[in-house]
Asker: 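First, the structure itself, so that you have it in front of you.
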There are 2 protein chains.
Amino acid sequence: MNIGIIGLGLIGGSMAKAIKQNTDNVVLGFDRQDTIIKKALLIGAIDEPLTEERIADCDLLILALYPQATIDFVKSHAGQIKQGATVLDCCGVKQVVCHELEPIAEKHGFLFMGGHPMAGVAHAGFTHSKKALFNNASMILTPAIGTPIEDVQKIKVLCENIGFTNTQISTPEEHDRVIAFSSQLAHVVSNAYIKSPSALTHKGFSAGSYKDLTRVAKLNETMWTELFLDNPVFLAEEIDGIIDRLSQYSTAIKEKDADALCQLLKEGRERKMEIDGEKF
Amino acid sequence: MNIGIIGLGLIGGSMAKAIKQNTDNVVLGFDRQDTIIKKALLIGAIDEPLTEERIADCDLLILALYPQATIDFVKSHAGQIKQGATVLDCCGVKQVVCHELEPIAEKHGFLFMGGHPMAGVAHAGFTHSKKALFNNASMILTPAIGTPIEDVQKIKVLCENIGFTNTQISTPEEHDRVIAFSSQLAHVVSNAYIKSPSALTHKGFSAGSYKDLTRVAKLNETMWTELFLDNPVFLAEEIDGIIDRLSQYSTAIKEKDADALCQLLKEGRERKMEIDGEKF
């Protein structure tokens, strides 16, 4: 089939490379930077540029854009998309995107499917994209209610062919609730952690624990601001939750309450072991 | 020289193995579990058991015990320790230990030096100890004011011989302030992170960021309770600091203030890049 990819950044560029490497599909690519399209053509990451006219030839459109840009693209191109085609997005939030685009897709006779490839590296852009980015990663799909199972299956097979080892089917709501905890909160905490005044003087004292806690502090603030504000209820709930739990440790320490502190720490250890499937 | 090691757990056991492997010193070892002493002798991690009588033969005593046990040991054995010998501890807090033991050492004619090997693994005990534990790690030393430079140098050389690549000289106060940030806070945050109600349902949605943030949640609560309560002021300050910073993100998200949120995230990214020596 013809696969059109809009946005040849880290995710879109890696999608293009992985699809070209692992499947026989024809890949058409578009990026707002013309030099990126030329580069992608040159190294064979795409077969052809995806022009406005070629949109109608695509059986699958993969949108690798920020949430608002994803919504804007589909809204402004809905009339050009092939009847029966599938449009898959790659945004880190799903409710905002799916709720907006599912009715538009239905109205225009194509299928919109929410997708979130759980993969990334510290650096953005086509330059850092690679065909192995999705190896051993999870792909979350949030198909609309009533999506034919064979359309979900088609995307699942493609995902597996390009490296994903796990395709998770979810709802936009469940996705956004869980991702607030498993990814967004991690970025907020890491970013807040590094801002301690002590951070500037810890050289030579830094344990592995510090390195782990601050690894994702170096984030793309433009992208994450949009993602966070597209998931404000679940994320604020997670932040307020950890604030509340941290306060309990602080209180126990100030009150020198060894029993309370030990109990708090034990609960965390046991929870971690439970989640990791270890006995305790 | 004769080196006595008290406590053959992860740290003490690794010290014994690393010293035996890399130096010509005679290693005498004691553990409250007799089977551990026998095991250490059997595999050649120590040359001889360290009996009460042999304490006086040791030129260097390495205490690899919890803080209170370290203090108790020196207090109850001060009269037996050789004149001019050095006693090095391995506790993760330094003020409590050094302030208590430096005067006792001075009174009895031996040298007490605070030490904190910045190394560890998830599992405790002699079974998990290994001669390579300190490879590429930092050793923090907090010698008392007036300690002869050659005594510090002697310990520094030993540390380098057994794998440490960096020996940092500090004061007990500076150590405890920085360690509250670079290690203790990481353990508290990781432990608090995993207790989100969402943690039990994130399977298939877990990004690398989540894994990093919760890696040290599985901690030994008995040891960390003692370490935290021996450093209450600095640690509570760090916890309250991150609570305060997290509240700023939460407020910006609830108020849908994109500019404020983006600014908060940018500050964190820039701080991280500054610390990592990257340009931004």
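First the proteins, then the strands, lettered A, B, ... as listed; each starts at 1.
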Asker: How long is the straight-line distance from NE2 of A:H187 back to CZ of B:R269, given to the nearest 0.5 Å?
Answerer: 13.5 Å
Asker: With chain A as the partner, which of B:E278, B:Q248, B:E270, B:H116 has the greatest number of non-hydrogen pairs under 4.5 Å?
Answerer: B:E278
Asker: Hey, do the aromatic rings of B:F234 and B:F181 have their centres closer than 6.0 Å?
Answerer: no
Asker: Can you measure from SG (B:C159) to CG (B:L141) and round to the nearest 0.5 angstrom?
Answerer: 5.5 Å
Asker: Looking at B:K94, B:E174, B:Q168, which hits side-chain contact (heavy atoms from CB on, under 4.5 Å) with B:I140?
Answerer: B:Q168
Asker: Do you know which of A:L219, A:L235, A:T201 has the most heavy-atom pairs with chain B at a distance under 4.5 angstrom?
Answerer: A:L219
Asker: Measuring from A:K272:NZ to B:T214:OG1, what's the distance to the nearest 0.5 Å?
Answerer: 3.0 Å
Asker: For the candidates A:V233, A:I179, A:N166, A:L200, which exhibits the highest count of non-hydrogen atom pairs separated by less than 4.5 Å from chain B?
Answerer: A:L200
Asker: Give a yes or no on whether a salt bridge exists between B:K156 and B:E160, defined as a side-chain N under 4.0 angstrom from a carboxylate O.
Answerer: yes
Asker: So, taking the atom named CG in A:L264 and the one named CD1 in A:I253, what distance separates them when rounded to the nearest 0.5 Å?
Answerer: 9.0 Å
Asker: Heavy-atom pairs under 4.5 Å with chain A are the metric here; pick the option from B:P197, B:S183, B:G241 that has the most.
Answerer: B:S183
Asker: Chain A heavy atoms under 4.5 Å from B:I239: which part of the residue, side chain, backbone, both or neither?
Answerer: side chain
Asker: Do you know which of A:M118, A:R215, A:E274 has the most heavy-atom pairs with chain B at a distance under 4.5 angstrom?
Answerer: A:R215
Asker: Go through the atoms of B:E238 and report whether side chain, backbone, both or neither lie under 4.5 Å from a heavy atom of chain A.
Answerer: side chain
Asker: Flag the pair A:L265 / B:F228 as yes when at least one side-chain heavy-atom distance between them is below 4.5 Å, and no otherwise.
Answerer: yes
Asker: Under 4.5 Å, counting heavy-atom pairs only, tell me which of B:K211, B:E221, B:R177 racks up the most with chain A.
Answerer: B:E221
Asker: Is it the case that atom NZ in A:K195 sees more than 12 heavy atoms from other parts of the structure closer than 6.0 Å?
Answerer: yes
Asker: Does any heavy atom of chain A fall under 4.5 Å from the side chain of B:K254, the backbone, both, or neither of them?
Answerer: side chain
Asker: Among A:W224, A:Y249, A:Y210, who wins on heavy-atom pairs under 4.5 Å with chain B?
Answerer: A:Y249
Asker: Do you know the tightest heavy-atom contact between B:C90 and B:M15?
Answerer: SG-CE, 4.2 Å
Asker: Heavy-atom distance under 4.5 Å to chain A: side chain of B:T251, backbone, both or neither?
Answerer: neither
Asker: Taking the inter-plane angle between the rings of B:F205 and A:H175 on a 0 to 90° scale, is it parallel (under 30°), tilted (30 to 60°) or perpendicular (over 60°)?
Answerer: tilted
Asker: For chain B, which candidate among A:S170, A:A137, A:A199 shows the most heavy-atom pairs at distances under 4.5 Å?
Answerer: A:A199
Asker: Sort B:E237 into side chain, backbone, both or neither according to what part of it lies under 4.5 angstrom from a heavy atom of chain A.
Answerer: neither
Asker: Taking every heavy-atom pair that is under 4.5 Å apart, which of B:I242, B:V216, B:D257 has the most such pairs with chain A?
Answerer: B:I242
Asker: Please identify, among B:S138, B:S198, B:A236, B:A180, the residue contributing the most non-hydrogen atom pairs under 4.5 Å to chain A.
Answerer: B:S198
Asker: Among A:L246, A:L213, A:L185, whose side-chain contact (heavy atoms from CB on, under 4.5 Å) with B:Y193 holds?
Answerer: A:L185
Asker: Could you look at B:I275 and say if it's the side chain, the backbone, both or neither that has a heavy atom under 4.5 Å from chain A?
Answerer: both
Asker: Just give me the residue among A:D276, A:N231, A:N191 that pairs up with chain B most often, heavy atom to heavy atom, under 4.5 Å.
Answerer: A:N191
Asker: Flag the one option from B:S196, B:S250, B:A258 with the top tally of heavy-atom pairs under 4.5 Å to chain A.
Answerer: B:S196
Asker: Using non-hydrogen atoms only, which part of A:I243 is less than 4.5 Å away from chain B: side chain, backbone, both, or neither?
Answerer: both
